[in-house]
Enquirer: 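The structure is given below, and queries will be raised subsequently.
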Amino acid sequence: MRIATWNVNSIRQRLDHAVAWLKETDPEVVCLQEIKCQTEAFPREPFESLGYNVSVHGQKGFNGVALLSKLPLEDVTHGLAGDDGDEQARFIEAVVSVKGGVVRVACLYLPNGNPPDTEKYPYKLSFMARLKAFAQDRLKLEEPLVLAGDFNVIPAPADAADPAAWAGDALFLPRTRQAFRELIHLGLTDAVRAASDASRLYTFWDYQAGAWQRDNGIRIDHLLLSPQAADRLIAVGIDKHVRAWEKPSDHVPVWTDLAIAA
DNA sequence: ATGACTCAGGAACTGAGA
């Protein structure tokens with residue numbers, strides 16, 4: 001089973017790319033972030049034509065996440081527990097049934113948190129604390145679980161072409177990385193790092209200042225696996241070539257193959 | 001070089017992104 005994540009930076013702007021990429025990579029489950037539209041405005045039909053079930057948690061203008069799955073999406077939940085006042089559409093969770101059990105997938109768009117001296121940074125840290133509580137709870141189920149999405153976290157210096165440039169940034173501050181490690185230390189596996197020792201594995205290149213041409217990237221889109229998923233890890237991929245397409249998202253898709261028969 | 005692009009919203013710009 002192939003599970004993918006991609007921050008598309010507007011699904012309506014990226015519809016042709018999304019369809020072309022799905023035909024290439026053919027994942028069973030896809031987590032999309034930054035769809036930037038309301039739920040009703042999501043272009044479902046092109047994905048349904050490709051055989052996907054679609055569940056959307058949108059909002060006007062910003063944020064927004066969606067799940068695509070060739071298997072039916074069950075027990076779908078919108079929003080991350082722990083703050084009833086959080087209006088931002090950044091989280092969607094579902095289960096798919098497979099032979100002999102289920103696979104649980106959480107699709108998340110973690111807050112950016114910049115500038116760090118504003119209320120945006122505490123919101124990010126609070127979201128990360130809520131995510132930790134969520135993971136702690138779901139890990140008790142001992143299921144194959146994948147937390148996939150745009151975490152807006154550079155886990156380590158090796159995950160940035162120019163780490164010094166990110167020193168004071170909400171994506172790389174010590175407290176941000178500490179919160180990410182707390183998540184990992186619950187027993188989750190960073191799929192990309194577990195499956196590859198290659199250098200320069202980035203998932204985002206800024207639109208500005210020729211970042212793509214200079215390979216000035218960062219790795220902020222992640223797939224975190226529960227032990228039951230990590231035990232079945234076969235491969236990972238970063239579909240970097242998509243960043244060179246005309247009018248691309250600033251993020252590229254990341255996927256993992258798990259030895260789980262659909 | 002607190003800028004360089006690219007989105008949405010809404011009709012000239014601002015806010016957000018990372």
Side-chain angles (χ1 to χ4, degrees), chain A residues 5-18 21 31-43 56-66 86-91 107-128 131 148-180 192 200-222 238 240 242-254:
Chain A
T5 180
W6 190 13
N7 178 324
V8 291
N9 187 16
S10 169
I11 192 61
R12 289 176 292 184
Q13 290 295 323
R14 225 64 62 202
L15 188 53
D16 292 348
H17 284 202
W21 168 73
C31 301
L32 299 175
Q33 303 89 37
E34 275 208 275
I35 61 170
K36 288 187 172 176
C37 65
Q38 290 176 298
T39 300
E40 315 78 65
F42 188 95
V56 181
H57 180 34
Q59 78 175 83
K60 191 172 184 176
F62 308 103
N63 305 323
V65 288
D86 186 355
E87 305 280 333
Q88 301 192 31
R90 295 179 174 276
F91 190 89
C107 167
L108 61 114
Y109 175 43
L110 214 144
N112 174 306
N114 281 307
D117 60 350
T118 66
E119 73 291 343
K120 289 172 185 289
Y121 193 57
Y123 174 59
K124 176 176 193 148
L125 292 178
S126 137
F127 193 96
M128 294 184 83
L131 186 60
D150 176 359
F151 283 69
N152 271 314
V153 175
I154 302 167
D159 298 309
D162 181 10
W166 296 92
D169 194 282
L171 279 64
F172 194 56
L173 280 171
R175 287 204 53 193
T176 304
R177 293 160 58 192
Q178 178 192 335
F180 186 79
V192 166
R200 309 194 77 87
L201 294 175
Y202 308 132
T203 65
F204 169 91
W205 295 260
D206 201 283
Y207 287 123
Q208 303 183 67
W212 167 246
Q213 289 75 10
R214 297 162 191 240
D215 195 26
N216 183 15
I218 51 177
R219 190 174 72 95
I220 56 175
D221 299 272
H222 307 299
I238 300 176
K240 185 176 177 178
V242 169
R243 186 64 177 78
W245 290 355
E246 194 178 347
K247 293 190 70 82
S249 170
D250 38 8
H251 298 249
V252 296
V254 186

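In what follows, chains are A, B, ... by sequence order, proteins preceding strands, each numbered from 1. The figures here come from the full heavy-atom set of this structure, side chains too, leaving out hydrogens, waters and symmetry mates.
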Enquirer: Got more than 12 heavy atoms from elsewhere within 6.0 Å of CG, A:D16?
Expert: no

Enquirer: Heavy atoms only, 4.0 Å cut-off, all strands: where does A:D150 land among base, sugar-phosphate and nothing?
Expert: sugar-phosphate

Enquirer: Would you call the rings of A:H222 and A:F180 parallel, tilted or perpendicular, taking 30° and 60° as the class edges?
Expert: tilted

Enquirer: Do A:K124 and A:N112 pair up side chain to side chain, a donor and an acceptor below 3.5 Å, judged on atom types alone?
Expert: no

Enquirer: Between A:T203 and A:I220 (side chain of the first, backbone of the second, donor and acceptor by atom type, cut-off under 3.5 Å), is there such a pair?
Expert: yes

Enquirer: A:N152 near the nucleic acid: base, sugar-phosphate alone, or nothing, with a heavy-atom cut-off under 4.0 Å?
Expert: sugar-phosphate

Enquirer: Any side-chain donor-acceptor pair under 3.5 Å between A:Q33 and A:D150?
Expert: no

Enquirer: Does A:R200 have more than 12 heavy atoms from other residues, nucleotides or ligands lying within 6.0 Å of its CZ?
Expert: yes

Enquirer: Suppose you measure atom P in B:dG17 against the same atom in B:dA12; what distance do you get, rounded to whole Å?
Expert: 26 Å

Enquirer: Considering only the C1' atoms, how many Å lie between B:dA18 and B:dC7, rounded to the nearest integer?
Expert: 14 Å

Enquirer: Would you mind classifying the nucleic acid contact of A:R90 as base, sugar-phosphate or nothing, using non-hydrogen atoms under 4.0 angstrom?
Expert: sugar-phosphate

Enquirer: Report the residue (A:P111 or A:Q59) whose heavy-atom-nearest nucleotide on DNA chain B is the more 5′ of the two.
Expert: A:Q59

Enquirer: What integer number of Å spans the C1' atoms of B:dT2 and B:dA16?
Expert: 15 Å

Enquirer: Roughly how many Å apart are B:dA1 and B:dG10, using the P atom of each and rounding to a whole number?
Expert: 38 Å

Enquirer: Just to be sure I understand the rule, does A:N216 reach a base, reach only the sugar-phosphate, or reach nothing, if contact means heavy atoms closer than 4.0 Å?
Expert: nothing

Enquirer: At the 4.0 Å heavy-atom cut-off to chain A, mark where contacts on DNA chain B begin and end, going 5' to 3'.
Expert: B:dA4 to B:dA18

Enquirer: When the nearest nucleotide of DNA chain B is assigned to A:L110 and to A:G210 on a heavy-atom basis, which residue is associated with the more 5' position?
Expert: A:G210

Enquirer: Given 3.5 Å as the limit, does a donor-acceptor pair link the side chain of A:E34 with the main chain of A:N7, or not?
Expert: no

Enquirer: Under 4.0 Å, heavy atoms only, any strand: does A:K124 hit a base, just the sugar-phosphate, or nothing?
Expert: nothing

Enquirer: Under 4.0 angstrom, heavy atoms only, what part of the nucleic acid is A:Y109 near: base, sugar-phosphate, or nothing?
Expert: sugar-phosphate

